[in-house]
Number of protein chains: 2
Amino acid sequence: MTVMETTSTTRTDSCAGPRQVDRRPDGQDKYTISEVVAFTGLTAHTLRWYERIGLMPHIDRSHTGQRRYSNRDLDWLDLVGKLRLTGMPVADMVRYAELVREGDHTYGDRFELLKATREDVLSRIAELQDTLAVLDRKINFYADAGRALASERS
Amino acid sequence: MTVMETTSTTRTDSCAGPRQVDRRPDGQDKYTISEVVAFTGLTAHTLRWYERIGLMPHIDRSHTGQRRYSNRDLDWLDLVGKLRLTGMPVADMVRYAELVREGDHTYGDRFELLKATREDVLSRIAELQDTLAVLDRKINFYADAGRALASERS
DNA sequence: CGCTTGCTTGGAGCGCACTCCAAGGTTTTA
DNA sequence: TAAAACCTTGGAGTGCGCTCCAAGCAAGCG
């Protein structure tokens with residue numbers, strides 16, 4: 001009986017108080033995969049998959065081969081999470097990760113990539129605000145319809 | 001040799017001037033599927049698929065069975081497009097379409113659905129603005145790094 | 001009339017981003 | 001020390017939103 005990874009993963013920390021599984025200070029920052037699951041909300045499967053596809057830097061291992069994530073890795077996952085929310089394809093994030101791995105001489109490329117992403121995010125925000133306007137018009141329509149119905153029934 | 005639907009569909013109207021394939025006034029609003037493709041940017045495949053899954057109202061047909069879209073249908077596709085940009089799953093849009101088909105007594109449900117969607121959109125915008133802040137910090141970092149490199153080399 | 005282009009259908013296929021499995025080895029708890 | 005919980009791997013499977021195919025009918029033009 002192994003398994004259960006998925007089941008135990010779902011919404012572990014929704015209602016209970018601030019059982020802050022907090023970060024440890026740099027130097028003692030060694031987290032197991034399940035601690036990272038608790039931090040990020042990703043599943044362990046996804047974390048391993050990110051590594052396989054080259055989206056993660058090399059992750060430290062214990063002497064028996066288990067993953068030990070660092071604060072740096074957590075920071076990286078934070079960034080990945082944010083970029084994911086913008087709808088950036090995983091392949092593009094992998095490209096960025098490659099640039100980071102290749103060293104300082106890719107600063108220019110990374111700069112360009114970030115600026116392009118920024119533009120993307122701006123236009124997404126604009127689209128959403130547009131949609132918001134449409135929704136508000138419809139919501140007002142239905143609110144009026146509701147009032148009309150109410151007065152009709154009285 | 002039929003086919004070509006896909007190829008001819010891609011980016012028909014990117015650079016040329018305002019060759020506005022404009023809407024016709026209500027009453028003479030009968031559009032073929034390829035006209036709707038031009039309006040919406042969706043493929044004909046997608047339009048037919050939307051119909052199959054119940055995302056469209058009943059679409060008029062010519063006497064030989066070809067689809068004839070109306071201005072109303074175009075409006076609906078506009079809304080669908082906007083909702084799609086918010087990341088709303090197609091299944092939820094189908095649910096909304098069902099409510100519309102069921103008639104006036106579903107006004108309340110539609111109202112709730114729209115309000116929930118509005119909240120969703122608001123939090124998405126907030127997320128994106130958060131991401132924007134992260135990107136800006138990184139962009140500034142790389143800009144500084146670029147300047148440092150430049151001065152180092154001089 | 002023939003030719004080309006467009007529209008029809010049900011069902012199969014695809015790409016993305018996970019998600020899960022099986023069969024083990026490891027670590028923690030009682 | 002034994003049981004329970006956790007971690008490992010490569011590869012297979014899933015769900016979503018399209019995307020495409022084949023074979024045939026329809027429409028417009030010279």
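Below, chain A is the first sequence line, B the second, and so on; all start at residue 1.
- Counting to the nearest Å, the P atom of D:dT19 and the CG atom of B:Leu42 are 9 Å from each other.
- The side chain of B:His63 contributes an N or O atom lying less than 4.0 Å from OP1 or OP2 of D:dA27.
- Shown here is A:Arg72, whose CZ atom has no more than 12 heavy atoms of other residues, nucleotides or ligands within 6.0 Å.
- Here D:dC18 presents its C1' atom at 19 Å from CE of B:Met88, a figure rounded to the nearest Å.
- For the pair B:Glu35 CD and C:dG6 P, the computed distance is 12 Å after rounding to whole Å.
- Taking 4.0 angstrom as the limit, A:Arg67 places none of its side-chain polar atoms (N or O) nearer than this to OP1 or OP2 of D:dC7.
- Classification of the A:Tyr142-B:Tyr107 ring pair by plane angle, with boundaries at 30° and 60°, yields perpendicular.
- In this structure, B:Tyr31 places its OH atom 16 Å from P of C:dC7, rounding to the nearest Å.
- Distance from the side chain of A:Arg48 is smallest to D:dT8 among C:dT27, D:dT8, D:dG10.
- Whole-Å rounding puts the A:His45 NE2 to D:dG10 C1' distance at 14 Å.
- Comment: A:Glu51 does not engage A:Arg48 in a salt bridge, judged by the lack of any side-chain N to carboxylate O separation of less than 4.0 angstrom.
- For B:Arg84, taking side-chain heavy atoms from C-beta onward, the closest of the listed nucleotides D:dC18, C:dC20, D:dA27 is D:dC18.
- Atom CD1 in A:Ile33 sits roughly 19 Å away from atom P in C:dG25 (whole-Å rounding).
- The shortest side-chain heavy-atom distance between B:Leu113 and B:Leu99 falls under the 4.5 Å cut-off.
- Toward the 5′ end of DNA chain D lies the nearest nucleotide of B:Met93, the other residue of the pair B:Met93 and B:Arg68 mapping further downstream.
- A salt bridge links B:Arg118 with A:Asp136; the closest basic N to acidic carboxylate O contact falls under 4.0 Å.
- In this structure, A:Arg52 places its CZ atom 13 Å from P of C:dC18, rounding to the nearest Å.
- Put simply, B:Thr46 has no side-chain N or O that comes within less than 4.0 Å of OP1 or OP2 on D:dG17.
- Phosphate contact (OP1/OP2 of D:dT9, side-chain N/O of A:Arg61, threshold under 4.0 Å): present.
- When distances run from any side-chain atom of A:Thr32 to the nucleotides D:dA26, D:dC18, D:dC7, the shortest one goes to D:dC7.
- Minimum atom distance to the side chain of B:Ser34 is reached by C:dG6, of the listed C:dG6, C:dT8, D:dA26.
- Annotation: A:Tyr31 is in aromatic contact with A:Phe39 [ring centroid separation under 6.0 Å].
- Using a 4.0 Å cut-off, no side-chain N or O of A:Tyr50 falls inside it from OP1 or OP2 of C:dA17.
- At whole-Å resolution of the value, CD1 in A:Ile53 and C1' in C:dA17 are 8 Å apart.
- Between C:dT27 and A:Thr64, a contact under 4.0 Å exists linking OP1 or OP2 to a side-chain N or O.
- In this structure, the nucleotide among C:dC7, C:dT19, C:dG11 sitting nearest to the side chain of A:Thr43 is C:dT19.
- In this structure, of C:dT19, D:dG17, C:dT27, it is D:dG17 that holds the atom nearest to the side chain of B:Trp49.
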